[in-house]
Amino acid sequence: MDYTVMHRQSVLFPVEFWEQEARKIDWFEFPQKIHSKDSYELDRWFEGGKLNTSYLALDRHVEAGRGSQPALIWDSPVTENQKVYTYTELRDAVALFAGGLRNLGVELGDRIIIYMPMVPEAIVAMLACARIGAVHSVVFGGFAAHELAIRINDARPKLILCASGGKEIQKIIPYKPIVDAAIQEAYFKPDHCVVLQRDFVSCEMKEEYDVDWHELLAAATPSPYVPVDAWHPLYILYTSGTTGQPKGIVRDNGGHAVALNSSMEYVYNVQAGDVYWAASDIGWVVGHSYIVYGPLIRGCTTILYEGKPIKTPDAANFWRLMEKYKVNVFFTAPTAIRAIRKEDPEGEGVKGRDLSALKYLFLAGERTDVATYEWVSNLLQKPVIDHWWQTESGWPMLANMAGVGLIPIKPGSPTRPVFGFDIRILDAFGHEVANGEEGAVAIQLPLPPGCLPGLWNDNERFIKSYLSDYPGFYTSGDGGYKDDQGYFFITGRIDDVINVAGHRLSTSEMEEVLAGHTAVAECAVVGCNDELKGQVPIGFVVLKHANDANEETIALELMQRIRDTIGALASLKKVYFLERLPKTRSGKILRKIIRCIVDDVAFQPPSTIEDITVLDEIRWTVGRGGN
Ligand code: COA
Ligand code: AMP
């Protein structure tokens with residue numbers, strides 16, 4: 001396979017390319033049009049096609065004789081449980097749960113929020129929604145009640161599915177009280193909450209409103225799959241944007257199935273029967289695409305891991321499970337590798353293990369720093385492949401494509417564009433910059449299938465946020481450059497989004513939470529470098545009445561506000577108090593400069609700065625470790 005020829009064909013003749021890819025999955029009706037535009041003049045794929053994603057992920061493999069192959073292996077070190085579902089068992093579990101949803105009145109197009117830990121029932125629920133054309137929206141279990149309430153109001157779900165709780169290493173996290181608080185806060189009220197009781201944490205059930213998971217199943221009969229339009233939404237996944245309101249990324253059924261199947265072949269080089277493990281969370285896009293849909297559509301065995309890279313029970317557990325389940329492809333975030341390295345710098349956990357099944361380690365979610373790359377590639381002696389993508393794309397945009405043939409790896413680079421992505425580096429005027437020069441990473445339209453066709457109920461925001469900066473291009477929000485050999489490098493976000501331990505968070509949203517404290521006059525949150533998590537948020541606060549304030553108490557209150565409103569994963573590492581914030585003469589806060597000071601990076605203050613002496617105040621405050 002010649003990359004250059006195939007890539008050129010995919011971007012110059014996308015209709016022909018994607019028609020060929022579309023023929024690799026099973027349709028009930030093949031699309032009438034490969035590419036067209038919707039009423040917003042937005043690009044759409046596979047108009048008129050009819051398919052069912054749950055059928056593609058399950059029934060099709062059973063019909064093809066793979067029914068007794070393991071489809072899903074759940075391994076939960078935190079509860080010391082394992083469970084294997086064959087394709088037949090998973091299909092039957094999904095069909096029965098879909099019947100249960102039907103009994104609660106769920107119809108085509110209804111939204112269902114899933115707020116669950118990493119248990120197989122969560123995957124059953126996702127696939128059951130897909131089976132009957134309901135639209136799931138999985139919310140990461142680490143988000144607090146307020147975040148869940150925002151998503152309830154936007155998605156207006158008929159049901160919420162949750163578990164009584166989850167386990168974070170040793171700590172039990174009761175989920176149900178969070179769900180109850182979110183429903184109370186939200187102005188939209190779902191009809192019911194379906195609750196999976198776990199044996200280590202029980203919860204109170206509200207009569208008439210809460211439905212027990214197992215009782216729902218006991219009364220259900222299996223539901224058949226429903227052919228849906230290619231354009232019908234499969235799911236909504238909320239992600240942080242540059243405002244307090246998260247963006248509801250929509251994924252359609254047709255483009256998603258074709259794109260994921262294509263990525264399994266060209267990017268990951270996996271075949272039916274292979275074992276694929278993405279150690280992510282179903283609350284993130286990696287979980288959707290590469291714990292659930294990608295591996296199952298391809299007929300692989302997928303692994304659902306309810307644990308952490310370290311401490312569950314130790315830093316060897318990733319390697320232990322890779323050996324045990326003969327994992328062929330492993331995918332995680334660089335931060336997880338850094339955590340393992342910190343605990344086990346000599347890589348003792350790998351020694352003596354048979355990892356011969358492992359073909360590749362894929363890394364994404366944040367930049368892979370060279371030290372982490374070198375450590376893990378020396379340790380495993382396998383290709384370590386950094387690849388770049390986003391919730392919006394749903395699948396990799398830059399990668400060293402294993403299914404096409406790996407080219408030499410350049411540490412720090414996610415390599416080159418995946419088929420279908422015409423990626424350019426642009427200056428502020430939309431002109432392509434020279435090789436080696438940094439600019440905005442943009443993608444020439446149309447985006448390939450599988451990428452977001454729009455935002456839930458807000459296509460105007462979609463157009464404004466992604467398509468307006470450079471006409472004819474999608475703006476990724478990342479900066480980067482391309483070298484003379486055509487390797488791309490991603491240098492980080494150029495907006496107010498930060499990446500903490502592979503989790504995407506909005507600093508504007510954090511600022512809104514801090515600003516809600518009665519003592520706060522003004523604030524800025526910036527993401528600063530962190531050896532383990534890549535970035536961590538730090539708050540800079542100007543108080544209303546600085547003289548009578550007890551800064552220590554206020555700092556603790558502000559930190560708690562973030563944990564209570566957004567979630568513990570967004571915890572501020574530090575709060576600094578200042579007399580004023582650095583601003584331009586027009587009043588724009590210079591967050592980038594604050595970041596440079598904290599990270600000790602050289603910078604040139606802009607000529608528009610209102611008062612340059614404020615920089616000394618920040619240096620002094622940060623230098624002495626706060627007030
Ligand atoms: N439910 C509830 N709480 C959660 C949670 C979840 N699913 N996930 C994280 N949290 C909480 C943690 O309990 C912790 O709370 P605490 O401050 O009260 O102790 C807080 O959020 C921060 O957790 P975490 O980000 O996991 O930090 P850590 O220091 O405990 O662990 C790592 C560090 C690197 C081990 C961890 O961040 C990790 O595994 N990262 C990889 C993440 C990943 O795979 N991302 C890829 C997405 S593609
Ligand atoms: P998310 O939508 O949560 O997957 O986060 C997407 C963002 O994570 C991207 O816009 C990047 O900023 C960052 N990211 C993901 N993968 C990489 C990578 N391989 N290299 C650098 N940054 C990455």
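FYI, the numbering just counts along the sequence from 1. As the structure lists them, so they are numbered: ligands from 1, and atoms in each ligand from 1.
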| task | May I ask whether G477 places a heavy atom under 4.0 Å from ligand 2? | result |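 No, that is not the case, since the closest heavy atom of the residue is not under 4.0 Å from the ligand.
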
Counting only heavy atoms, tell me which of [options] gets closest to [atom].
{"atom": "atom 1 (N) of ligand 1", "options": "A315, G141, G567, P117", "value": "G141"}
{"atom": "atom 14 (N) of ligand 2", "options": "G412, A399, G502, G365", "value": "G365"}
{"atom": "atom 4 (O) of ligand 2", "options": "D495, T391, D386", "value": "T391"}

Could you see which bit of [X] sits under 4.0 Å from ligand 2, with heavy atoms only: side chain, backbone, both or neither?
{"X": "T368", "answer": "neither"}
{"X": "R493", "answer": "side chain"}
{"X": "W284", "answer": "neither"}

| message | Quick test of your reading: applying salt bridge (Lys or Arg N to Asp or Glu O under 4.0 Å), list the pairs with at least one residue in residues 382-404, sequence neighbours left out, ordered by first then second residue. | response |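 Qualifying pairs: E392-R504.
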
| query | Is the shortest distance from atom 36 (C) of ligand 1 to a protein heavy atom below 4.0 Å? | reply |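 Not a single protein heavy atom is under 4.0 Å away.
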
| query | For atom 18 (O) of ligand 1, is the nearest protein heavy atom closer than 4.0 Å? | reply |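 So far as the 4.0 Å threshold goes, atom 18 (O) of ligand 1 is in reach of a protein heavy atom.
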
| Any chance the side chains of S476 and Q390 put a donor and an acceptor closer than 3.5 Å? |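 No donor-acceptor contact under 3.5 Å links the two side chains.
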
| Under 3.5 Å, is there a donor-acceptor pair linking the side chains of S263 and Y290? |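 A donor-acceptor contact under 3.5 Å links the two side chains.
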
Side chains of residues 176-186: which donor-acceptor pairs under 3.5 Å do they make with residues two or more places apart or in other chains?
unit_1 : atom_1 : unit_2 : atom_2 : d
K176   : NZ     : D180   : OD1    : 3.2
K176   : NZ     : D180   : OD2    : 3.4
K176   : NZ     : E204   : O      : 3.2
K176   : NZ     : D210   : OD2    : 2.6
D180   : OD1    : K206   : NZ     : 3.1
E185   : OE2    : H146   : ND1    : 2.5

Taking only non-hydrogen atoms of [X], do any sit less than 4.0 angstrom from ligand 1?
{"X": "R563", "value": "yes"}
{"X": "S280", "value": "yes"}
{"X": "A278", "value": "no"}

| query | With a cut-off of 4.0 Å, which atoms of ligand 1 are near a heavy atom of K171? | reply |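 Contacts of ligand 1 toward K171, numbered from 1: 13 (O), 15 (O), 16 (P), 18 (O), 19 (O).
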
| task | Inspect the contact between D458 and K247 and indicate whether a charged nitrogen and a carboxylate oxygen are less than 4.0 angstrom apart. | result |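 Salt bridge between K247 and D458, a charged N being under 4.0 Å from a carboxylate O: no.
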
